[in-house]
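These notes are about the structure you will find just below.
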Amino acid sequence: MKRLITLVMALCLYALSMSSVSAQESGDFKFGFRGGYYFRTNAFGVGVYGTYGLANWLNIEPGVNMILKKHCSVDVYCDFQVPLEIATYWTVYPIVGVSVNDITSHKGTVDGWAGGLNLGLGTRYELNSRWSANLQVKWMGRFPRQHQSAVIAAVGIDYNF
């Protein structure tokens, strides 16, 4: 876990030191659909999200996932991304955000609602000028402490307006 946090912090500092790091210009908006697996809870999630370029070096992505498991409901999140342009069509971005969710533990016990801190890494590949595909891996620390943290691997597709 310490390595993941160190990697995210290093990528953020690297992005801030670059003069041009974005594949998404300030004011651009993407809307997409994403599906993924919540490890440690053994649940699938599907949802929608929107990514808005706050600045050339910072994106905000609010979204909601419906958790497809008995006694689960939703995962509502808001993540910040620092896009690092690898090529004109490929971007890698660290993720830092917050979430509120109701996810049942892997043992099937109902945990109830919890808050969370999201840390992760994502990548986006531009298919053409309007469509792109993305892949994300996030660690979601949940609190209060009795709630089990989750690791989320998700894939999505979005449309650029």
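Count residues from 1 along the sequence.
The side-chain heavy atoms of Ile86 and Tyr125, taken from C-beta on, include no pair separated by under 4.5 Å. Leu58 is listed as a side-chain neighbour of Phe80, based on a closest heavy-atom distance under 4.5 Å. Put simply, the side chain of Trp113 reaches to within 4.5 Å of the side chain of Val74, judged on heavy atoms. Contact of the Ser132 side chain with the Asn160 side chain is not registered, since no non-hydrogen atoms from C-beta on lie closer than 4.5 Å. Counting only heavy atoms from C-beta outward, the side chains of Thr51 and Gln81 approach each other to under 4.5 Å. Using a 4.5 Å heavy-atom threshold, the side chains of Phe161 and Asp28 count as separate. Side-chain atoms of Lys138 and Leu119, non-hydrogen and from C-beta on, never get closer than 4.5 Å to each other. The shortest distance between side-chain heavy atoms of Val96 and Asn118 does not fall below 4.5 Å.
Note on Arg124 versus Glu85: no salt bridge recorded, every NZ/NE/NH1/NH2 to OD/OE distance being 4.0 Å or above. Ion pairing between a basic and an acidic side chain is recognised when a charged N comes within 4.0 Å of a carboxylate O; Lys30 and Glu126 show such pairing.
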(message) Using the rule given for side chain to side chain contact (heavy atoms under 4.5 Å, CB included), can you reason through Trp131 versus Ile157, listing the C-alpha separation, both sets of side-chain angles and the distance that settles it, and then say yes or no?
(response) CA-CA 7 Å; Trp131 291 95; Ile157 188 161; 3.9 Å; yes

(request) Start with the C-alpha distance between Tyr38 and Met140, add both sets of side-chain angles, then the distance that settles side chain to side chain contact (heavy atoms under 4.5 Å, CB included), and finish with yes or no. (result) CA-CA 10 Å; Tyr38 286 68; Met140 180 175 53; 4.1 Å; yes

(message) Assess the residue pair Cys78 and Glu61 against the criterion (side chain to side chain contact (heavy atoms under 4.5 Å, CB included)); give the C-alpha distance rounded to whole Å, side-chain angles, the decisive distance to 0.1 Å, and a yes or no.
(response) CA-CA 6 Å; Cys78 184; Glu61 182 181 287; over 6 Å; no

(request) Under the side chain to side chain contact (heavy atoms under 4.5 Å, CB included) rule, what do Val76 and Asn101 come out as? Steps first, then yes or no, please. (result) CA-CA 6 Å; Val76 180; Asn101 49 62; over 6 Å; no

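Here the CD1 atom belonging to Ile152 is positioned 10.0 Å from the CZ atom belonging to Arg34, to the nearest 0.5 angstrom.
Side-chain atoms of Gln136 and Tyr93 include a donor-acceptor pair closer than 3.5 Å. No side-chain donor-acceptor contact under 3.5 Å links Asn128 and Tyr89.
Under the 4.5 Å side-chain heavy-atom criterion for ILVMFWY residues, a single connected hydrophobic cluster contains both Phe31 and Tyr52. Transitive grouping of hydrophobic side chains (ILVMFWY, heavy atoms separated by less than 4.5 Å) keeps Ile67 and Val155 in distinct clusters.
Across Asp79 and Gly97, no two heavy atoms sit closer than the pair OD1-CA, 3.4 Å. Minimum interatomic distance between Asn65 and Gly47 (heavy atoms only, all atoms of both residues): OD1-CA, 3.4 Å. Of all the heavy atoms in Pro83 and Asn56, the pair that sits closest is CG-O, 4.4 Å. The two residues Leu121 and Val92 make their nearest non-hydrogen contact at CD1-CG1, 4.0 Å. Minimum heavy-atom separation, Thr123 to Thr91: OG1-O, 3.0 Å. In terms of heavy atoms, Tyr77 sits closest to Val64 at CE2-N, 4.0 Å.
Aromatic ring centres of Phe44 and Tyr37 lie closer together than 6.0 Å.
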